[in-house]
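This report refers to the structure that appears directly beneath it.
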Amino acid sequence: QLAPGDHLSRIKLQRSTSMKSLFEPTTAQEIIHRIEQLTPTTTAQWGKMNAAQMMAHCSYALELYLTGKTLKRPFLGILFGGIAKKRMLSSKPWVRNLPTAKEMLPAADSEFEKEKTNLIEHISLFVVKGTKATPIPHPFFGKMTTRDWGLHQYKHLDHHLTQFGV
């Protein structure tokens, strides 16, 4: 039972029981609304990135899919990617402090307003073009369907926005 006013716990409970896709326009609008709540001084509840870096990182993940760019799959991804994919695409929230591919690490000097605009634009493009794009292999999980990419991108954004308390 949640205490009255325990908004963040209520959000976490709702997210842990639903399977949303970023291809759904209403889901994308929900994510954009949460992004708009970020400020340059919003701090992370865990991890090393600031808000601008987080948005740059999330934009890059969307850009990979939209452009069809592929990254070399690491040996651990080849061994464990399929198992990890099942967990990451399940209804369970992602664990904190997961490793990030070095190619997806943001610049230390990421500019907040620029990254916010870029991320919102990438989300809008993902909704419009996403299901028409040919699915690419994920850099760690390997083969992914269009459905997998929609679920993954939602969960990736939800994870990082939750990291920043929005």
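One-based numbering along the sequence shown.
Among residues two or more places apart in sequence or in another chain, the side chain to side chain contact (heavy atoms under 4.5 Å, CB included) test is passed with Q29 by I32. Remark: T145 pairs with D148 by the side chain to side chain donor-acceptor pair (under 3.5 Å) rule, at least two apart or across chains. Residues that satisfy the side chain to side chain donor-acceptor pair (under 3.5 Å) test with S21, not counting sequence neighbours, are absent from this structure. Every residue two or more places apart in sequence or in another chain was checked for a side chain to side chain donor-acceptor pair (under 3.5 Å) with E111, and none qualifies. Scored by the side chain to side chain contact (heavy atoms under 4.5 Å, CB included) test, S110 finds A52, Q53, A56, P106, A107, E115 as partners (sequence neighbours excluded). Contacts of T39 classified as side chain to side chain donor-acceptor pair (under 3.5 Å), with partners at least two apart in sequence or in another chain: T41, T42.
Applying the side-chain hydrogen bond (donor to acceptor under 3.5 Å, both in side chains) test to residues at least two apart or on different chains, the pairs with a partner in residues 67-87 are Y60-K69. Residue pairs meeting the ring-ring contact (aromatic ring centres under 6.0 Å, His included) criterion with at least one partner in residues 85-112, sequence neighbours excluded, are W94-H152, W94-H156, W94-H159.
For Q153 against A61, the heavy-atom pair with the smallest separation is NE2-O, 3.2 Å. Residues R34 and V166 come closest through the heavy atom pair NH2-O, 2.9 Å.
Taking CZ of F80 as the start and CZ of F75 as the end, the distance is 8.0 Å to the nearest 0.5 Å. Rounding to the nearest 0.5 Å gives a distance of 10.0 Å between CE of M88 and CE of M144. Note that CZ of F164 and CE of M55 are 8.5 Å apart. Values are rounded to the nearest 0.5 Å.
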Ignoring hydrogens and angles, write down the donor-acceptor pairs under 3.5 Å from the side chains of residues 123-136, residues two or more places apart or on other chains.
{"from": "S124", "atom 1": "OG", "to": "I120", "atom 2": "O", "distance (Å)": "3.1"}
{"from": "K132", "atom 1": "NZ", "to": "V128", "atom 2": "O", "distance (Å)": "3.1"}

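In this structure, Q163 contributes its side chain and N97 its backbone to no donor-acceptor pair below 3.5 Å. The closest donor-acceptor contact from the side chain of K20 to the backbone of T26 lies at 3.5 Å or more, if one exists at all.
Side-chain contact between F23 and R147 is absent, with no heavy-atom pair separated by less than 4.5 Å.
Counting only N and O atoms by type, the side chains of E36 and H33 include no donor and acceptor under 3.5 Å apart.
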